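Since this is a predicted model, take the numbers as computed values, not measurements. Values reported hereafter were calculated over all heavy atoms of this structure, with side chains retained and with hydrogens, waters and symmetry mates removed.
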Amino acid sequence: MPAYEIGGKSFEHDEEGYILDVNVWTEELAALLAEKEGINMTSEHWEVVNFLREYYNEYQIAPAVRVLTKAVAKKMGADKGNNKYLYELFPYGPGKQACKIAGLPKPTGCI
Amino acid sequence: MSTDENSSGVVKKFMYVNRKAPYGTIYALEVLEMVLISAAFDQDVHLAFVDDGVYQIKKGQDTKGVEMKNFSPTYRALDGYDIEKLYVEKESLDERGIAASDLMVPVEIIDRAAMTALIDSMDVVLSG
Amino acid sequence: MLHTVNKSPFERNALDACLTRAAKGSAILLYEDAVYAATKGTNVASRVSQATQAFKVFVLGPDLRARGFDEAQVLDGITVIGYDEFVDLTVEHGTVNAWL
């Protein structure tokens, strides 16, 4: 099984790069994954990543983009809970990229 | 992804009939995943819980001891996927000694005759 | 002899087959989906309660809790056990009859 390596610790991931165990995630790993995605993590990025981890903790799934957008709007307001804002942060898709950085599986309902 | 479905304007009444207990077999989890995926197609989705399927939404599931993933919290996410039409058959609850207050999500409890009529009114029915 | 049952009594007749054929005094362990048979208020509860007179009936705790039930919801006369005791039962009884 392929794995990311950080300072002697390894994190197994699937063929698309999603880590296999959501519980082994660290912020350090998130930073590495973001770098691989070409994303420079700002506090706005972290806000979404942390929100995704909370969502997963609550519901045990990675949300579809549509569901994420709606949930972000509810929690952080409409100026953040919209496609434009989220795609600017994660150009290749807030579902796929942000979930990967947050250590979640590929979004359920993402096809 | 659902643009074509939307523009064609064809909305069908879908029903997923849950008949199996969670964990003992893979059916409950598979149906749940199918439901989440189908949510992307903007269809009129209904979920029915009959027979042992009512055990899927029993409160208080704790799988730590069996080292399996507890997927019951995901039923609470359905609301966010705009899947709000959940029906539970009263007779199935009664046979199992389960009360409405034992269920973890808001549902409509209907009797077997009403469930029969509801299933009969659907365009597509998938049972697991 | 230790008899084990892992199917829901509402879906399969494995429990019934077991209760009908197990010799008096046998141990019966309910696990996986058969733990529902050990809970109070079901329409098989009286049959299972009656069985506790003739057999030593056990239910596997981790499977019970996974399905949202605790000891307070288990029928009187049934003992809740863990994996260690499951192993002990197997060793103690030698022959295991698994009603699948």
Is the backbone N or O of A:R66 less than 3.5 Å from a side-chain atom of B:Y81, with the two atoms forming a donor-acceptor pair by type?
no

According to side chain to side chain donor-acceptor pair (under 3.5 Å), does anything in residues 9-18 of chain A pair up with another residue at least two apart or in another chain? List the pairs.
A:E16-A:K106

In terms of heavy-atom contacts, does CD of A:E35 have more than 12 from other residues, nucleotides or ligands at under 6.0 Å?
no

Check this for me: A:N40, atom CG, are more than 12 non-hydrogen atoms of other residues, nucleotides or ligands nearer than 6.0 Å?
no

With sequence neighbours left out, what residues match A:E27 under side-chain contact (heavy atoms from CB on, under 4.5 Å)?
A:W25, A:W46

Any chance OH of B:Y27 has more than 12 other-residue heavy atoms, nucleotides or ligands included, within less than 6.0 Å?
no

So with a 6.0 Å cut-off around CD of A:E44, is the heavy-atom count from everything else above 12?
yes

Over all heavy atoms of both residues, which pair between B:D79 and A:K70 is shortest? Give the atoms and the distance, please.
O-NZ, 4.3 Å

Test side chain to side chain contact (heavy atoms under 4.5 Å, CB included) on B:E33 and A:I61 and set out the steps.
CA-CA 10 Å; B:E33 290 192 339; A:I61 46 164; over 6 Å; no

Using heavy atoms and a sub-4.5 Å threshold, report which of residues 106-128 of chain B line up against chain A, by residue number.
none

Using a heavy-atom cutoff of under 4.5 Å, enumerate the residues of residues 45-74 of chain B that contact chain A, numbered in order, or state 'none'.
B:K69, B:N70, B:P73, B:T74

